[in-house]
Every structure is written in C-alpha cells, then in structure tokens.
Chemist: 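First, the structure itself, so that you have it in front of you.
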2 protein chains.
Amino acid sequence: MAKRVSHKDSMCGVARPLDAIGDWWSLLIIRDAFDGLRRFGEFQKSLGLAKNILSARLRNLVAHGIMDTVPASDGSPYQEYVLTQKGQGLFPLLVALRQWGEDFFFEPNEPHVTLVDRATKLPVRRLELRAQDGRMLMAEDTVIVVPPPEE
Amino acid sequence: MAKRVSHKDSMCGVARPLDAIGDWWSLLIIRDAFDGLRRFGEFQKSLGLAKNILSARLRNLVAHGIMDTVPASDGSPYQEYVLTQKGQGLFPLLVALRQWGEDFFFEPNEPHVTLVDRATKLPVRRLELRAQDGRMLMAEDTVIVVPPPEE
DNA sequence: GAATCATGGTTTCAAATAAAAACCACATTA
DNA sequence: TAATGTGGTTTTTATTTGAAACCATGATTC
C-alpha cells in the first residue's frame, strides 16, 4: 500500500487504481459491500481477516473515496461502511474478475455461485469489449494511444 | 501471496483469482504483456521493480498458468514470457480497471492514454453489464445465487 | 584468447507490512 | 454491578518486500 508508483506509470490509468485497491483484501471487502454488508463485524466475520488489517483497509478505502462511513441505520451507536459512487464504479471490474475466475479456476462441473439478473434469475451476460460501432473487440484489436504532448 | 483463503471464500469466484493476481505488480506485468512486452529486461525497465520481485512474480504467473515461457524469438539464448489463453482472458478485467481509473483518478481535463479500436482509432466503448435479453444491469439489478447443495 | 559487457537471473540482508493476540472503550443486557 | 457485544487499537512476531550485491552464460571487443 501507499507504494511508490514507478517512473513510467506515474500517469498510467492502470497503476493509479491499483494503488487504491491493489491488495488482496480490498476487493473482497468491496465485493462484500456490494452484497450488502455494512458493519465492521460483518466484514470481519465474512472474510476472517485480522481486525487491525480490516481496520486499516477500511480506513484506506475511505481515504480513497471508495467507501464512506455513515451513522448506523439501526440506531446503534456505531458507524457503517458504504460504497460511494466511486466504489460502485468498481462493479464491472468485480464482474470481470468473477467471470475470469469462473472460466479458469473451477473444474468443468464444479459448482460455484453465479451472478444473475435479479429480474429474470438468468445468469448475466459475459462482459465484452466493443467498438463504438458495436463490433466486438479482442485484445489484439485495440491499441493504447498517448495524448499529444501539449506545449 | 500464497495467502490462505478464508473459510467462507474457499470456493468463491472472486477470491480464487485474487490468489493468482491479487498483488500490485502482477496486473502491471500482464498489462505490459498485452502491450507486447515479452522479455525479463523489458518488464523490469518498464515497471522499475526489483529483479527478484519480478522474478518471483513471473514465476508465480507461470505457475498459475497465466503466462508461459517460450524460447526467445530472436535466437538469443534467453526465454520470453507470453500470455496464455488464461492470461489473455484477463483483458476485460484490465479494461475495467483502466476505465474505472480514467473515471475517478484523473482530473476532468487531465490527459491520459486511451484504449482505442485499432481499426477506427476511436476509443472503445465503455464496458457494461447486460442481462441475457440485453438490458443493461446495475449492481442492484443483480444477485448472487448459490448452487443447490447436491446430496 | 582474455577481458568486458549484456542479459537474466539468485542470494543476502535491512526495512516495511501483515497477522495474531491481547488489550481497551463504550454501550447494552442480565 | 457484572457480563457481554461491538468496534476498534496496541503490541509483538512472522512474512514479505525491495535494494544491492553477486553469479552464470553467451556475445563482443581488444
């Protein structure tokens, strides 16, 4: 965490996010938050991580504007942790991670949880990258372009 | 790395992948690999990380079947590291990470590199999650379902 | 043919980080 | 008033990281 960004990547759109969520636990916390967990104890119970680590991670997520603390909704004197807009913006990433995991980390017939459309109960579609005109794009069909160096 | 998976997540489709790529450097290496880098020295120069760390990360990626070593294409006596199919499957995740980064880690007018369609040079579309019938889905429109416990 | 260099690592060691456990504060419950 | 639940912090120890030095191999120069 708080790792120095390497020379070349000081402006890279991939490295910056990794500084915020580039550790094992943060994404799991965020996934749990998408699942509706809000309380310190809930996260700890769900993930089984040490309390000091959870504390540090939550603090970091809040510091990066990914989660926010709000007074507990049930009148208890504690606070709850909820995703901000920025945090909710991570949903596609989590889906991508999950789909990749399902593709490559499970045996063909091994059961696993599935992400389904709440309305129809059907599994969601696979994420796919498309061009402006709708063509599906593979990695090879894309390039990175750097912005013109302004004077 | 090689972190124990917590009780609840022993079968989770998010936690398993994180064991393979859940550190700061691995995704940057993979991104560089998508950009065409193949040689140890290229990665090291691009990322500026210590050689022992790079060595360990590449070893881990190979062990997880995400990259593979092949004899150098240019006759030099060294090997090169290339993405496997599994590794290439990470492209959507990388795009998701990049898009999130662009959305939230850059000032409105701050220049940044863009991922474009090689054919048209236009920026790629935003990744979006859709239902089977094509409706766009937000996080709230989805649920996780667990497979029925078989007897 | 010997010395030098480039490449791709491994080893060593100090510093930073993570993890486990103990501790603490506050509020509620018994 | 004591015990308990929640949400942490502190302390201590184990693990990981990162920098630097070292090493092996093949190509290059002298």
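Just so we're on the same page: letters track the sequence lines, and every chain starts at 1. Just so we're clear, the structure is a prediction, and the values are computed from it rather than from any experiment. Basis for what follows: all heavy atoms, side chains included, without hydrogens, waters or symmetry-related copies.
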Chemist: Using atom CG of Leu54(B) as one end and atom C1' of dG8(C) as the other, report the distance to the nearest whole Å.
Modeler: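 Atom CG in Leu54(B) sits about 10 Å away from atom C1' in dG8(C).
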Chemist: On the nucleotide dT17(D), are OP1 or OP2 found under 4.0 Å from the side-chain N or O atoms that Trp25(B) carries?
Modeler: no
Chemist: Rounding to 10°, can you tell me the angle the first-five-pair axis of the helix from dG1(C)-dC30(D) to dA30(C)-dT1(D) makes with its last-five-pair axis?
Modeler: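 The angle, to the nearest 10 degrees, is 10°.
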Chemist: For residues 61-76 of chain A, which residue pairs qualify under salt bridge (charged side-chain N to carboxylate O under 4.0 Å, His left out), counting only residues two or more places apart or in two chains?
Modeler: Arg39(A)-Asp74(A)
Chemist: Suppose we screen for salt bridge (charged side-chain N to carboxylate O under 4.0 Å, His left out). Which residues come up paired with Asp103(B), at least two apart in sequence or across chains?
Modeler: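 In terms of salt bridge (charged side-chain N to carboxylate O under 4.0 Å, His left out), with neighbours along the sequence ignored, Asp103(B) is linked to Arg126(B).
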Chemist: Return the set of residues passing ring-ring contact (aromatic ring centres under 6.0 Å, His included) with Phe91(B) (not counting sequence neighbours), or none when no residue passes.
Modeler: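 In terms of ring-ring contact (aromatic ring centres under 6.0 Å, His included), with neighbours along the sequence ignored, Phe91(B) is linked to Phe34(B).
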Chemist: Atom CD of Gln44(B) to atom P of dA20(D): distance rounded to whole Å?
Modeler: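 Going from Gln44(B) (CD) to dA20(D) (P), I get 12 Å.
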Chemist: In terms of the nearest nucleotide of DNA chain C, which residue is placed more toward the 5' end: Pro77(A) or Ile53(A)?
Modeler: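 Closest to the 5' end, via its nearest nucleotide, is Ile53(A).
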Chemist: Applying side chain to side chain donor-acceptor pair (under 3.5 Å), name anything that partners Gln79(A), two or more places apart in sequence or on another chain.
Modeler: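 If we apply the side chain to side chain donor-acceptor pair (under 3.5 Å) test to Gln79(A), skipping adjacent residues, the hits are Tyr81(A).
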Chemist: How close do Asn60(B) and Ala20(B) get, counting heavy atoms only, and between which atoms?
Modeler: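 Heavy atoms of Asn60(B) and Ala20(B) come nearest at ND2-O, 3.2 Å.
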Chemist: State which residues pass salt bridge (charged side-chain N to carboxylate O under 4.0 Å, His left out) with Glu42(A); sequence neighbours excluded, sorted by chain then number.
Modeler: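 Partners of Glu42(A) under the salt bridge (charged side-chain N to carboxylate O under 4.0 Å, His left out) test: none.
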Chemist: Could you work out, with side chain to side chain donor-acceptor pair (under 3.5 Å) as the rule, every residue matching Arg59(B), not counting sequence neighbours?
Modeler: none
Chemist: Taking 4.0 angstrom as the limit, do Asp23(A) and Arg57(A) come out as a salt bridge?
Modeler: yes
Chemist: Pairs under 3.5 angstrom, nitrogen or oxygen only, protein versus nucleotides 3-10 of chain D, please.
Modeler:
residue	atom	partner	partner atom	Å
dG5(D)	N2	Tyr78(A)	OH	3.1
dT6(D)	O2	Tyr78(A)	OH	3.4
dG7(D)	OP1	Arg39(A)	NE	2.5
dG7(D)	OP1	Arg39(A)	NH2	2.8
dG7(D)	OP2	Gly41(A)	N	3.1
dG8(D)	OP1	Gln79(A)	NE2	3.3
dG8(D)	OP2	Tyr81(A)	OH	2.8
dG8(D)	N7	Lys51(A)	NZ	2.7
dG8(D)	O6	Lys51(A)	NZ	2.5
dT9(D)	OP1	Arg59(A)	NH1	3.4
dT9(D)	OP2	Ser55(A)	OG	2.5
dT9(D)	OP2	Arg59(A)	NH1	3.4

Chemist: Send over the distance from Arg57(A) CZ to dA18(C) C1', rounded to a whole Å.
Modeler: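 So the CZ-C1' distance, Arg57(A) to dA18(C), works out to 8 Å.
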Chemist: Sequence neighbours left out, what passes ring-ring contact (aromatic ring centres under 6.0 Å, His included) with Phe40(A)? Give chain and number order.
Modeler: none
Chemist: Just how far, in rounded Å, is P of dG9(C) from CD of Glu80(B)?
Modeler: 11 Å
Chemist: Could you check how far CG of Asp23(A) sits from C1' of dT17(D), rounded to whole Å?
Modeler: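 About 15 Å, once rounded to whole Å.
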Chemist: If you compare every side-chain N and O of Trp24(B) against the phosphate oxygens of dT17(D) (OP1, OP2), does one of them come in below 4.0 Å?
Modeler: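 No, no such contact exists.
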